[in-house]
Structure formats: C-alpha cells, structure tokens
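Worksheet for the structure shown next.
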Amino acid sequence: MSHGPLPDRDDQANAAARTGLAAAIDRGLAILNSIIIVFAAIALVAACAILSYSVLSRALFKAANYWQDEAAVFLLVGATFMTAAYVQQNRGHIGIEAFVGLLSPLANRIRLWLVDAATFLFCAFFTWKSWTLAHEAYVDGQVSNSMWSPPLAIPYSLMALGMSLLCVQILVQLALPFAGAKRP
C-alpha cells in the first residue's frame, strides 16, 4: 500500500513539456484544481468553525442549532467532491502495489491504463447519476427535512460538478500516453 504519487507516473517536468489538446486540458485542470483547493481549504476551516460554534453555543448558552450541522455537512461534501480531480491528478489515492514489482514496465503501463479506464467507467456512471439527482432536486424543489430546509440541489450539484471534473481528469490521463507523454 502506498500514499502519495506513484513512482511510475508522469513527473511535473514531463507534464510541462507536453503539447497538444490533452496537455492543454491537463494544464488547465491543474490551474483549476489549484484554485479549488484554496476554496476547499476555506470550506474545511469554515466547517470546523461552524461546528465549534455549534458545540460552544449549545454548551454555554443552551442555544438551539438549526443550521450548523447541515451547513458543515454541505461544506464538507463540497470540499470532498470538488477536490477529487486534484487527488486524481496527483495520484494521491491509496494504491496497492502488490503487482508493481512483479510486472514488467510495459505490463505495468497496461495495468495502469486498464485501471484508469475501469475507474473512468465507474466515475462516469456516478457522474451521470449525480447530475440526475441534482436535476431532480432542483426541479422538484427538494429541501432537507430540517427546520432550516436548505435546497438539496446545492450539495448534489457540488457532487455532480466534482465528479465531472474527476471524469475529465481521468480522461486526460487516459489520453496523455497516446498523445506522446512518457511514463518512466
């Protein structure tokens, strides 16, 4: 098991040297992901502040909290799904490396491409269902069943948008080897 980028992936120097549509999309996603990371970090800090306020206001002032838990959940859902493409871009997911040492470099490249293709298929289905869920929530005017009743289209849209970015990121990573990108 490993944490962080796998050693058999493109390095940043190779990524910067590429040209073509796939490379341009890759660079655009890298910029977008950097911006999203900043907002996700702010969302996480805000969720911590909201939950801390909730605990303190209940403990010290016996104040009711109608919105704090849901607001924190919405922020956490947004931060989680919107940063999925960043994690994929940096190969920051946990990977099991049982076969890496046993397979040849060519077999590893094929294995990685097949895993990315299977991941894309799953994520594409998840994205489609997320957009369907967001659309239904928006059209039907669905709200959460709390006293605050925020629209459910907000977290569902963040989930769908984050999964869409993840699908684009995976597609770019699938296309880059065919566009001349080298993997060590």
Side-chain angles (χ1 to χ4, degrees), residues 3-5 21-95 115-176:
H3 296 274
L21 180 61
I25 294 171
D26 191 38
R27 286 189 297 272
L29 279 172
I31 293 167
L32 181 61
N33 286 336
S34 298
I35 294 167
I36 289 171
I37 285 297
V38 171
F39 285 107
I42 292 168
L44 290 176
V45 170
C48 290
I50 289 169
L51 289 174
S52 297
Y53 167 77
S54 174
V55 169
L56 287 175
S57 67
R58 270 186 285 162
L60 298 177
F61 308 114
K62 308 288 187 242
N65 65 352
Y66 301 112
W67 61 273
Q68 290 95 338
D69 291 341
E70 275 184 312
V73 168
F74 281 25
L75 290 167
L76 293 172
V77 165
T80 300
F81 281 97
M82 292 300 292
T83 57
Y86 174 82
V87 173
Q88 179 65 29
Q89 178 185 33
N90 292 299
R91 301 292 183 163
H93 55 284
I94 296 173
V115 167
D116 283 348
T119 302
F120 173 75
L121 291 174
F122 171 79
C123 290
F125 176 77
F126 195 105
T127 301
W128 170 59
K129 294 306 280 181
S130 297
W131 280 114
T132 303
L133 189 63
H135 180 261
E136 287 174 5
Y138 178 76
V139 169
D140 296 342
Q142 296 175 5
V143 295
S144 72
N145 56 357
S146 70
M147 188 178 279
W148 182 37
S149 300
L152 290 175
I154 295 170
Y156 295 162
S157 296
L158 290 171
M159 182 173 63
L161 184 58
M163 290 304 295
S164 296
L165 288 171
L166 178 59
C167 282
V168 172
Q169 183 66 53
I170 295 170
L171 270 178
V172 166
Q173 289 175 334
L174 284 168
L176 283 175

M82 versus G162, closest heavy-atom pair with distance: SD-N, 3.6 Å
4.5 Å side-chain heavy-atom contact, Y53 and N65: no
Within-4.5 Å side-chain heavy-atom neighbours: L161 and F81: no
Side chain proximity check, L44 to L76, heavy atoms < 4.5 angstrom: yes
Donor-acceptor under 3.5 Å (N90 side chain, Y86 main chain): yes
Shortest non-hydrogen contact between A160 and T127, atoms and distance: O-CG2, 4.2 Å
Check: T119 side chain, V115 main-chain N or O, donor-acceptor pair, under 3.5 Å: yes
Expected output: side-chain Q173 to main-chain Q88 donor-acceptor under 3.5 Å: yes
Min side-chain heavy-atom separation D69-S54 under 4.5 Å: yes
Rounded distance [0.5 Å steps], CE in M163 versus CZ in F125: 11.0 Å
Contact check, side chains of F39 and I35, non-hydrogen atoms, under 4.5 Å: yes
Minimum heavy-atom distance V168-I25, with the two atoms named: CG1-CG2, 4.2 Å
Heavy-atom side-chain contact between D26 and Q169 under 4.5 Å: yes
Euclidean distance, I170 CD1 relative to L165 CG, rounded to 0.5 Å: 11.0 Å
Non-hydrogen side-chain atoms of W67 and P150 separated by less than 4.5 Å: no
